[in-house]
There are 2 protein chains.
Amino acid sequence: MATVNSYTRGMPTPDRTSLDEIVRAARELLEDSGLASLTMSAVAQRVGVRAPSLYKRVRDRDALIQLVAEATLSELAERLDQGTTVADLADEFRAFGHERPAAFALVMTPGAGTPVAGDQFRVAATTGILRVAGELAGQDHALQAARTFTAWAAGFVSMELNGAFGLGGSVDDAWNFGVTAIAAAITR
Amino acid sequence: MATVNSYTRGMPTPDRTSLDEIVRAARELLEDSGLASLTMSAVAQRVGVRAPSLYKRVRDRDALIQLVAEATLSELAERLDQGTTVADLADEFRAFGHERPAAFALVMTPGAGTPVAGDQFRVAATTGILRVAGELAGQDHALQAARTFTAWAAGFVSMELNGAFGLGGSVDDAWNFGVTAIAAAITR
DNA sequence: ACCTGAACACCGTTCAAGT
DNA sequence: ACCTGAACACCGTTCAAGT
């Protein structure tokens, strides 16, 4: 009995959760019901503790949201690192937005006051794009070309996820039109 | 006395505020301190009543935010209607984002759960772009061209406002590079 | 050392009571 | 008819007290 209930000897209670589990729960909650529903209570309930216990592992709610943003960017970076053409990158980028719309919005268009990922995570998510942009536009214009591509892709998918394409017409056609246009525009 | 304090005869109290004034206060608050600070209490204080009184004029906080979004889009539409070239539209669009960053973010990249403007307001903000896009790309590709332009411009300014261009290099140069690239790309 | 209930300062919103 | 204080159900966060 004493070996199980170790607190009977005044020893520390065994951990009932972990930072990893908390971030995972937060990411699920974000995708399932949006940033507003990502409350400390909801996260705590999901991992099986009370809200105040979370403060042993994260500084506050903003810090938790930042961890979610950084985990999201790491995943995106990994996926974009595979791409070798503009079309590859574009499709991978868009697919990610469709799979994780809330996380995508969190990292690409955080509202004012929403915490953002550290610089290194944002840089990491752009290296794949920068590589391909450099090949097409030349090293002198790599950064500008990468920014043109990223702005277009992020803008397009954000608008799409926000239902901003309400005028009819095929969104897929507009996407392919854009991919072709951007690729041509940034190719030296 | 009775003519001044009309309530002494059981008559309605004179209005102490108006919907217009409330929306104006909300827009100021949004721009001054962000969406999170746009609370019913703060708006009420700004117009000189108590929070519960606001519910006589707006259904709830979301409805008020939607009114702010719609007022913002009306103003943007008016400004874009003047433009005759891609560069005109692009610069006007970007200038608007710089002048009203919080309102710009609210309408271009509302977070999940954030109320959005009615369709007619979003359509109105695209007519100027659609007109110029049609002239350049031909009517058959007007919609796709407009979407390519809008996605790029919205994405670029959003990234800029979010400080996503941290890699160095001139942001203005990247903007001009993009304007030229997009204009060429959508010109038939 | 981790976890908890209680407490505090905030929210948005409702509603009976004032004028 | 409009406005208000009081109340309710929520938040995030702190902290003393438990184990």
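Throughout, a chain's letter reflects where its sequence line sits, starting with A, and its residues are numbered from 1. Predicted, not measured: the structure shown is a model, and the values here were computed from it.
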How long is the line joining [atom1] of [X] and [atom2] of [N], in whole Å?
X: K56(B); N: dG18(C); atom1: NZ; atom2: C1'; value: 13 Å
X: D15(B); N: dT4(D); atom1: CG; atom2: P; value: 12 Å
X: R57(A); N: dT4(C); atom1: CZ; atom2: P; value: 11 Å

Check your understanding: Can you name the ring pair (Phe, Tyr, Trp, His ring centres under 6.0 Å) partners of F96(B), sequence neighbours left out?
Key ->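 Listed in chain order: nothing, the list is empty.
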
Query raised in the report: Residues in ring pair (Phe, Tyr, Trp, His ring centres under 6.0 Å) with F121(A), at least two apart?
Result: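 Expected list: none.
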
Per the side-chain hydrogen bond (donor to acceptor under 3.5 Å, both in side chains) rule, what does the pair list look like for [range], sequence neighbours excluded?
range: residues 51-63 of chain A; value: none
range: residues 177-188 of chain B; value: none
range: residues 144-159 of chain B; value: none

Between F156(A) and F177(A), is the ring centroid distance below 6.0 Å?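 No, the ring centres sit 6.0 Å or more apart.
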
### Message
For dT4(C) and S53(A) - does any side-chain N or O of the residue sit under 4.0 Å from the phosphate oxygens OP1/OP2?
### Response
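Affirmative; the distance criterion is met.
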
Quick one: salt bridge (charged side-chain N to carboxylate O under 4.0 Å, His left out) partners of [X], sequence neighbours excluded?
X: E135(B); result: none
X: E28(B); result: R46(B)
X: E78(B); result: none

For this session: Applying side-chain hydrogen bond (donor to acceptor under 3.5 Å, both in side chains), name anything that partners D140(A), two or more places apart in sequence or on another chain.
Result: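 Here no residue qualifies.
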
Exercise. Using both pair distances under 3.5 Å as the test, note the stems of at least 3 consecutive Watson-Crick or G-U pairs that include DNA chain C.
Key: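 So far as stems of 3 or more pairs are concerned, DNA chain C shows C:4-8 with D:12-16, C:12-16 with D:4-8.
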
If you restrict it to nitrogen or oxygen atoms, what contacts under 3.5 Å exist between nucleotides 13-15 of chain C and the protein, and what is each distance?
residue	atom	partner	partner atom	Å
dT13(C)	OP2	Y55(B)	OH	2.8
dT13(C)	OP2	R61(B)	N	2.9
dT13(C)	O5'	Y55(B)	OH	3.3

message: Counting only heavy atoms and a strict 4.0 angstrom limit, can you tell me which residues of residues 17-39 of chain A come near DNA chain C?
response: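 Of all residues in residues 17-39 of chain A, the ones placing a heavy atom under 4.0 Å from DNA chain C are T17(A).
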
